[in-house]
Amino acid sequence: MRAPDVRRLATGLLERSDRLAATVAGAHPGTWIPTCPEWSLRELVEHVGQAHRWAADLIERRAAEPLPPPGVTSVASGEWPAWLRAGAGRLVSAATAANETGAAVWTFHGPRPAAFWLRRMLHDTSVHHADAAIALGRPFELAPDLAADAICEGLDMIGSPPAETLNPGFAALRGTGETLALRPAEDGAEGWLITRTPAGVVWRRGRGAANVVVSATAADLLLVLMRRLPPDDLRVDVIGERPLLDHWLDHTAFEGAKPAPAS
């Protein structure tokens with residue numbers, strides 16, 4: 001599967017932001033988010049909208065260094081849908097314009113094309129849309145190609161040289177050749193084979209024997225990896241060494257992300 005191009009990332013972000021806006025419309029701002037237990041729905045929405053604006057500002061400035069974290073923004077809940085859509089639109093406009101000139105901006109991995117932030121914000125928004133949908137008991141769907149790319153992006157981040165600087169817990173993922181396979185249920189979809197080496201995590205697309213195999217739709221695989229869907233859920237099939245999967249999930253969470261409780 002080819003990585004999404006800028007146009008696909010842009011349309012994906014606009015659509016995902018629109019879906020999130022529709023999901024939170026009319027909901028109580030104090031609703032607890034069980035998959036982000038330190039957050040209320042207000043904090044989740046404001047995180048997403050502020051992140052879009054922060055990334056847009058970084059791109060518009062062609063920043064070579066990270067910008068300060070965005071300040072606290074309080075938005076009336078009745079304005080959430082329009083505010084979320086406006087932030088996503090600004091980010092898409094900034095990234096599209098920068099892409100046309102080939103401009104590079106600061107990222108965790110050094111200077112990269114502005115599409116890096118379009119991709120990062122798309123996948124962050126997708127996961128937080130799932131958070132909101134779970135908290136509110138509303139449906140969540142994600143196109144297989146975008147779910148697959150979110151998995152690839154996450155594995156790239158975990159296996160990158162600065163990974164352990166971003167999250168010291170990633171050091172525990174070093175191993176001696178243990179393998180974990182992800183197998184999407186969609187017809188013809190490629191899977192992922194992850195190997196834990198003494199130097200860190202390496203991965204490739206494709207299928208192969210593994211110590212533990214996790215099978216589900218691409219979207220549900222993403223939710224499992226992001227600890228939004230427990231591996232015991234009926235939509236997920238786990239074969240092999242379950243402790244290896246549990247160890248992976250325990251050590252791939254960024255601060256504030258907690259494993260979802262088993263149902």
Side-chain angles (χ1 to χ4, degrees), residues 1-23 35 48 52 84 88 91-92 95 115-159 179-195 201-210 212-240 245 248-249 252-253 257 260 263:
M1 180 182 293
R2 293 172 53 190
D5 60 18
V6 171
R7 179 175 297 181
R8 178 62 175 134
L9 294 173
T11 58
L13 178 62
L14 293 174
E15 177 186 14
R16 191 52 39 190
S17 298
D18 189 65
R19 295 284 184 88
L20 173 60
T23 294
T35 48
V48 172
H52 290 173
L84 286 167
L91 175 53
V92 165
F116 172 94
W117 288 110
L118 202 55
R119 186 188 192 205
R120 176 81 290 278
M121 291 298 118
L122 164 60
H123 299 325
D124 185 68
T125 304
S126 296
V127 172
H128 289 317
H129 178 206
D131 289 327
I134 291 166
L136 296 168
R138 296 177 182 172
F140 172 80
E141 296 179 352
L142 183 61
D145 66 319
L146 296 183
D149 188 61
I151 292 172
C152 290
E153 189 214 31
L155 293 176
D156 275 342
M157 189 175 298
I158 291 169
T179 51
L180 186 155
L182 308 174
R183 295 184 180 168
E186 288 85 0
D187 290 342
E190 284 187 294
W192 294 262
L193 185 64
I194 304 163
T195 305
V201 172
V202 297
W203 67 278
R204 65 174 177 83
R205 295 302 301 268
R207 301 199 174 213
V212 60
V213 178
V214 187
S215 301
T217 65
D220 285 341
L221 286 173
L222 173 65
L223 296 183
V224 169
L225 292 178
M226 295 293 104
R227 294 152 302 279
R228 269 61 181 186
L229 181 68
D232 295 324
D233 191 275
L234 294 177
R235 292 176 285 173
V236 183
D237 186 30
V238 180
I239 299 175
L245 172 61
W248 176 274
L249 295 176
T252 52
S263 57

query = Can Arg119 and Asp149 be said to form a side-chain contact (heavy atoms from CB on, under 4.5 Å), step by step?
reply = CA-CA 9 Å; Arg119 186 188 192 205; Asp149 188 61; 2.8 Å; yes
task = Might you work through the side-chain contact (heavy atoms from CB on, under 4.5 Å) test for Ile158 and Trp203, ending with a clear yes or no?
result = CA-CA 10 Å; Ile158 291 169; Trp203 67 278; over 6 Å; no
task = Check the pair Arg227 / Thr252 against side-chain contact (heavy atoms from CB on, under 4.5 Å), numbers first and verdict last.
result = CA-CA 9 Å; Arg227 294 152 302 279; Thr252 52; 3.0 Å; yes
request  = Run the numbers on Leu182 and Leu225 for side-chain contact (heavy atoms from CB on, under 4.5 Å), then give the verdict.
outcome  = CA-CA 10 Å; Leu182 308 174; Leu225 292 178; 3.6 Å; yes
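Within the model, atoms CE of Met226 and CD1 of Ile151 stand 8.0 Å from one another, a figure rounded to the nearest 0.5 Å. One distance of note links CG of Asp5 with OG1 of Thr11; it measures 8.0 Å at 0.5 Å rounding. Between the CG atom in Leu13 and the CG atom in Leu146 there is a gap of 10.5 Å [rounded to 0.5 Å]. Atom-to-atom distance recorded for Leu91:CG and Ser17:OG is 8.5 Å, nearest 0.5 angstrom. A distance of 9.5 Å separates CG in Asp131 from CG in Leu20, rounded to the nearest 0.5 Å. Atoms CD1 and CG, from Ile134 and Leu229 in turn, are 7.5 Å apart once rounded to the nearest 0.5 Å.
Note that Arg204 lies outside the cation-pi zone of Trp192, set by a 6.0 Å cut-off to the ring centre and a 45° limit from the axis.
A salt bridge (Lys or Arg N to Asp or Glu O under 4.0 Å) check over residues 6-16, counting only residues at least two apart or in different chains, returns the pairs Arg8-Asp145, Glu15-Arg19.
In terms of heavy atoms, Val6 sits closest to Ala115 at CG2-CB, 3.8 Å. The minimum heavy-atom distance between Pro231 and Leu249, with the atom names listed, is CG-CD1, 3.7 Å. The two atoms that bring Ala209 and Leu193 nearest to each other are O-CD1, 3.8 Å, heavy atoms only. Contact record, Phe140 with Ser126: CE1-O, 3.4 Å, taken as the closest heavy-atom pair. Here the closest heavy-atom approach between residue Leu9 and residue Pro4 is recorded as CD2-CB, 3.9 Å. Closest non-hydrogen pair, Ala218 versus Pro184, comes out as N-CB, 4.3 Å.
Tested against His129, the residues Asp124, Asp18, Thr23 include a single side chain to side chain donor-acceptor pair (under 3.5 Å) partner, Thr23.
Environment of CD in Glu186: crowded, with over 12 heavy atoms of neighbouring residues, nucleotides or ligands closer than 6.0 Å.
Inter-residue side-chain proximity for Arg183 and Asp237 is flagged as unmet; no heavy-atom pair is nearer than 4.5 Å.
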